[in-house]
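Every number for a ligand or one of its atoms is a count from 1 in the order of the listing.
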Amino acid sequence: MVFKTFLLKYGEIGIKGKNRGQFEDALVLQIRHALSHVEGEFDVHKEQGRIYADVLGDDDSFDPDEVIAALQKVFGLVGICQVMKVPVEDPDAIAEDAIRYIAQTYDMVPVENPVEGSSEGVPFEPDAITFKVHTRRANKHYPVSSMDVDAEVGAKLLDAFPGKMKVDVHDPSMMLYIEVRDEVFIYSKIIPGPGGMPVGTNGKAQLLLSGGIDSPVAGWMIAKRGVTLDATYFHAPPYTSERAKQKVVDLAKLVAQYSGPIRLHVVNFTDIQLAIYDKCPHDELTIIMRRFMMRIAEHFAKQDGSQALITGESIGQVASQTIQSLVCTDDAASIPVFRPLIGFDKQDIIDISLKIGTYETSIQPFEDCCTIFVAKHPVTKPRLDIIKKSEEKLSDVIDGLMEEAVKNTETIVIR
Ligand code: ATP
Ligand code: MG
């Protein structure tokens, strides 16, 4: 028997009360989206504060590991349980189901038709599974109390696996959950979900996505709070290569596994960078360039209906991320800029990128548009008034260049 139902537990619900339904609907949508990429056909539905995914096909139409891996990328889920689903019966029959569940899940052979109490006095094997039965009677019409079900099932398990199972109500290594609803669900494994809130429940933001380690992590963190993502990437052909662009597309794909589809705007930034290089003080290049990135990203944010920008900046990581530099960058945007990594050490960020699977792609060695035009000694304490003065040197060309850049932008929908 293959267990073909997944019980999906969600955690935090943003603004509770009447928004609960919306939250659940968004979660159901994201689960369907995630499962549309794995083999098999599924029916995802909500029922009494629970979400279920039922496999519609045969036992071998799906791979449970693949299903679980996909569900572990759905923000909002805190627990994923592959459950045995049986009809509502008396505790005796439920105990028989529980024995089959344990036999299959833990690869153990039960005694056939054991006499009641026959396990008494049998010595416990050293690796006996310590367990506790936890019954929840959500169906109030069920005539037996949850404590009586616990006791009945517990006793039957002991007799079916003499010496191999041992009750421990304080610190069991296995909790056997029995939920009596319109059907009975039996499970003992709760695989952690990613937490967070379902994407689509908290607006939309525009991620400035580079090919580095930080910005994909920043996007992932904001998406985890339920925010839909779009992204802008600046490249500088022919100074940056097609491979560098492909790397960013690949990163966007990895982030999209969690966030759902992303519209990625690929902006040709070469002429703007050359103009800055030509006309502005070289120690201010990076800051001025960043400010134009913010302005262009904001343009796309407004176009896509995004309420904020996201960057991967963290205080003091490089010259362009000192507080003074951040103040100058921030000034260029008129909508809020979210910097979820602001207080993170590089190692903390690397740890997350490893966990979410972007690290290997991020460290591929391709040139970035910012590194090509960097000064040897960039300002670390830029003053906004001075930066603004330097920008005035661009006044006769910049509007045209910005318009061109926006007009020539390539937009790729990443799924
Ligand atoms: P990352 O690892 O995200 O590239 P970084 O440590 O290299 O960050 P910077 O190069 O200073 O830091 O970039 C700071 C932030 O500015 C990035 O996290 C990203 O949000 C944005 N950014 C930098 N370069 C680009 C680019 N070419 N396209 C889009 N956004 C960029
Ligand atoms: Mg970078």
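Remark: the backbone N or O of K381 is not paired with any side-chain donor or acceptor of T322 at under 3.5 angstrom.
D330 and R339 are joined by a salt bridge, as a carboxylate oxygen and a charged side-chain nitrogen come within less than 4.0 angstrom of each other. A salt bridge between K279 and E392 is absent, with no side-chain N of the basic residue lying under 4.0 Å from a carboxylate O of the acidic one. With respect to D304 and K204, no salt bridge is recorded, no charged nitrogen being found less than 4.0 Å from a carboxylate O.
With a 4.0 Å heavy-atom cut-off, ligand 1 is reached by no atom of T286. Within the 4.0 Å heavy-atom criterion, the part of L209 lying near ligand 1 is the backbone and not the side chain. Of all the heavy atoms of S215, the ones lying under 4.0 Å from any atom of ligand 1 are found in both the backbone and the side chain. Residue contacts with ligand 1, taken as heavy atom pairs separated by less than 4.0 Å, do not involve H235 at all.
Checking L207, L229, I412 one by one against I262, the side chain to side chain contact (heavy atoms under 4.5 Å, CB included) holds for a single residue, L229. A side chain to side chain donor-acceptor pair (under 3.5 Å) with H265 is found for exactly one of T409, T232, T411, namely T411.
Inclusion of L208 in the set of residues having an N or O under 3.5 Å from an N or O of ligand 1 is warranted. No N or O atom of T232 sits closer than 3.5 Å to an N or O atom of ligand 1. Ligand 1 has no nitrogen or oxygen under 3.5 angstrom from a nitrogen or oxygen of V318.
The distance from ligand 1 to the heavy atoms of I213 drops below 4.0 Å at these ligand atoms: 2 (O). The D214 neighbourhood of ligand 1 comprises atoms 1 (P), 2 (O), 3 (O), 5 (P), 6 (O), 8 (O), with distances under 4.0 Å to a heavy atom of that residue. Atoms of ligand 1 found under 4.0 Å from any heavy atom of S320 (numbered from 1 in listed order, with element): 11 (O). Near T311, the atoms of ligand 1 lying under 4.0 angstrom from a non-hydrogen atom of the residue are 20 (O).
When the options G212, G312, A218 are ranked by their closest heavy atom to atom 17 (C) of ligand 1, first place goes to G312. Nearest-residue assignment for atom 15 (C) of ligand 1 (options R339, K346, M293, E313; heavy-atom criterion): E313.
Contact annotation: R290 has at least one heavy atom less than 4.0 Å from an atom of ligand 1.
Using a 4.5 Å heavy-atom cutoff, the side chains of M289 and M293 are in contact.
In this structure, R20 forms no cation-pi arrangement with F23, as its terminal cationic atom is not both closer than 6.0 Å to the ring centre and no more than 45° off the ring axis. Cation-pi geometry between K247 and F366 is not met at under 6.0 angstrom from the ring centre and within 45 degrees of the axis.
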